[in-house]
Amino acid sequence: MNDKKKINLRQASVPIMFIIICIFCIPLSGLSPKMLINEIITRMGRNAFLILSLLIPIMAGMGLNFGMTLGAMAAEIALILVCDWQIVGVPGMVLAAIISVPISVLLGIFCGKILNRAKGREMITSYIMAFFINGIYQIVVLYLMGKVIPIKHSSIKLPRGYGIRNTVSLLSMRQKLDNMLAINVAGVKIPLLTFIIIAIMCLVIVWFRRTKLGQDMRAVGQDMEVARDAGINVERTRIISIVISTVLAGFGMIIYLQNMGNIATYTAHSQIGMFCIAALLVGGASVDKASIGNVFLGVVLFHTMFIVAPRAGAYITGDSMIGEYFRVFVSYAVITVALIMYETNKRKAKSAASMKLKEAQDEE
Amino acid sequence: MDRNSAPLLTMQGIKKDFFGNQVLEDINLELRPGEVLGLCGENGAGKSTLMKILFGAADIAETGGYEGDIFLDGQKVSFQTPFEAIAAGIGMVHQEFSLIPGFDATENILLNREPEKHNYVSEIFGDRLNTLDRSEMDTRAKNAIEKMGVEIDRHMMINTMPVGHKQFTEIARELSKEQLRLLILDEPTAVLTEREAASLLDSIRGMSERGISVIFITHRLQEVLSVCDTVAVMRDGVLVECVPAAETSVAAITKSMVGRSVGTSQKREIKNSDGAKTILKIDRLWVDMPGETVRDVSLEVKEGEILGIGGLAGQGKLGIPNGVMGLYEAGGTVEFDGKVIPLGSPRECLDSSFAFVSEDRRGVGLLLDESLEWNVAFPAMQIQNKFLKKYLGGLIKWRDEKAIREVTEKYINELQIKCTSSKQRAKELSGGNQQKVCLAKAFALEPKLLFVSEPTRGIDVGAKALVLDALRKFNRENGVTVVMVSSELEELRMTCDRIAIVSGGRISGILPADSSTEEFGTMMLSGVV
Ligand SMILES: Nc1ncnc2c1ncn2[C@@H]1O[C@H](COP(=O)(O)OP(=O)(O)OP(=O)(O)O)[C@@H](O)[C@H]1O
Ligand SMILES: [Mg+2]
């Protein structure tokens, strides 16, 4: 009993480290509790869905996967088109979601096929591949849009007549989803509809684990050879897991961007993968295991730190630029530290059982 | 079994060659429903190959298929993949486990054959989105385990199970297939304790009563006699004998297996090394090896002796070498030749001229895709710079191909490894011959201390004495200290000078090898947990 607690404590060490950082920074940041909670709630609604999209490839043994970046690009293309067609509000978002699906599926299949050739190195392969697809995305957005794909409105076009501007305003959709059914509890705005969608997504994931496909993914994730011998189509199962992830990431990106209110056409997707993975790790997930609980804990901790750390940094140094710098530095550091800590934890967890033996020996 | 019923399986004129090397010649075999056929034969006789042909294994098709006809229920069949064989009612339990480690027994038994429940989503997106019917899974797994007649915990995770239970999980998986009519078991008892082996034999009898035919391969001939209806003996790819079990005996089977009668190893002197210096000192060792936990072992090995480590399976004897070599988490101190060697770093062990042959020949034993030469010489080359020609004062090192071939051929002869040449790839050898290569590899290292674990696992009766003799010769002639772990007491008594018995994770005593079986027996049972 006691032992079990000890092991859990060790597993929780990453989240605990961040809780300590947050506790240390919150008073220094000078934010009122109400403001802080407001911020956290906003970011939870903004990011949770995106992070949830990471869970399924982890289940299939494909690790923390940057394949979601592809889904994010698909969503951006869809949103730009819908924006140009001037379909506003929630219907516009639904349409964008529908348009993003075929693009996400195609990219997901492509990504899955490549990752099937790089078994065991999915994380780094998908990271590099995201760069490659980013190149294609830029061709589409910078040249084809306006030249091949008709874009009517000059507000999103570059002055030269083709290509998309650096930022595309989503004013017509801005927080439309969040404001629908929003409630106000003691000055804190809660975007109820967004949360309901996220809750439904969680239920879907729980349900998915109990399906045949979910079971196959878990089997494939643990031992591909055995799964193949049992007749499971390993390659196909892995591709499906990536496709599900890209499609969900596309939906997640639409939710994210409607909250932001504009698209940073050339950069929005590139950091989103990094931030989502960092948040999930901070929530206590590992490369081969992640739960819904990790997602929410991760969002809260990672973003609390994101909100308070720059201000605390500015307070200590008196320079606001330092704070900005600090913010980027921290998120990259988080991934590195989390990965290292998990490696050590894995080793420690292995020896924990052995320590028991040693103790038993010493007691005699 | 009804001797007059129509045969379930008929094999006619089966021939197989691997690139010109004829391994099966004109095999004719018949099997009736409910019949249990024991398949015996020396290492490399072709038993596994014959079964792979029947089961449609991929390596048969890849190496050019086979000649001859197989009839199932009078219908001609030729399986290209195991799935076709499974669909036709054939099941096979391989020696290597094919289980998902993080799934429990139930999930493994029904892997990819889970009962499902339809739902609205799956109506649209296809059957893979059906949910699993957990309660039905549970019932089916329970039934399969009951059919097997051996009690295993169906909710236990595979990675926490002892080896024997993994084996039973695999068998239960085959039994859970409703269409199963013929079960092939390739050396299933090699990893089992005596008690487990006995329950497996019981469960084979049960299957036979239910009308399932069983082909049972083993090197323990006593098992064949006690459970089989018919015994088929193969020698060099030829089926030399197929007789009812009631009409044969261990001696007769052995004789037709090897073509001569096998005498037991001659009587030999027991060396007393009490005065010799201690070469290996193990102090308060604990090892966390699942199913073979070592709790507190202290042991001194004298230079030049052969020390046996015996005991019932699951009591920890296998944990000792694995812990010392650092293959599992371990603690305590190990002193070799006066130096403390850190646990958990195999390379350091090897540097201290301390060689190790694992009981798990597939896991850590061989480079299966490499040639025999490479397998035998590589560690010696890597660790001790042997078989290297030096030029320019050692600046350039060149592999000495000739020396490598010579040493490999020496051991091929000595251990009678059955192969086409020293350049053959290790994975093309039969199971027993791979085991011999593992030993040759350790011999080539010429270590000061050799730690062998289950050296005769999977080796046929004829070759057992040969392997043990080689081990003893290696000890006596090269002065190499040998520590040998084995579950067969007779084997230890034939080979060793002293035997330590492990029970309940501790050493319960050490006796000279010529002590009586009763003395050893009492000791084995003394601390059992
Ligand atoms: N893939 C292969 N390529 C070439 N030769 C092979 C291959 N597989 C098996 N052989 C050869 O076929 C012969 C028969 O091997 P098989 O595995 O059937 O023996 P076995 O009777 O099962 O022996 P054991 O008791 O040692 O398991 C051996 O000489 C082996 O070298
Ligand atoms: Mg074999």
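Contact of B:P82 with chain A is not made at all, since no heavy-atom distance falls under 4.5 Å. Of the atoms belonging to B:F83, it is side-chain heavy atoms, and not backbone ones, that fall under 4.5 Å from chain A. Both the backbone and the side chain of A:R218 come within less than 4.5 Å of a heavy atom in chain B. With a threshold of 4.5 angstrom between heavy atoms, B:R134 approaches chain A through side-chain atoms but not through N, CA, C or O. Heavy atoms closer than 4.5 Å to chain A are found nowhere in B:I86, neither backbone nor side chain. If you measure heavy-atom distances from B:N108 to chain A, you find no contacts under 4.5 Å at all.
Checked options A:C111, A:S245, A:S104, A:S126; the residue passing with A:L70 is A:C111 (criterion: side-chain contact (heavy atoms from CB on, under 4.5 Å)).
A salt bridge links B:E136 with B:R140; the closest basic N to acidic carboxylate O contact falls under 4.0 Å. Between A:K113 and A:E235 there is no salt bridge, since none of the side-chain N atoms of the basic residue sits less than 4.0 Å from a carboxylate O of the acidic one.
Atom NZ of A:K119 sits in a crowded spot, with more than 12 heavy atoms from other residues, nucleotides or ligands closer than 6.0 Å.
A donor atom on one side chain and an acceptor atom on the other are not found under 3.5 Å apart for A:D216 and A:T237.
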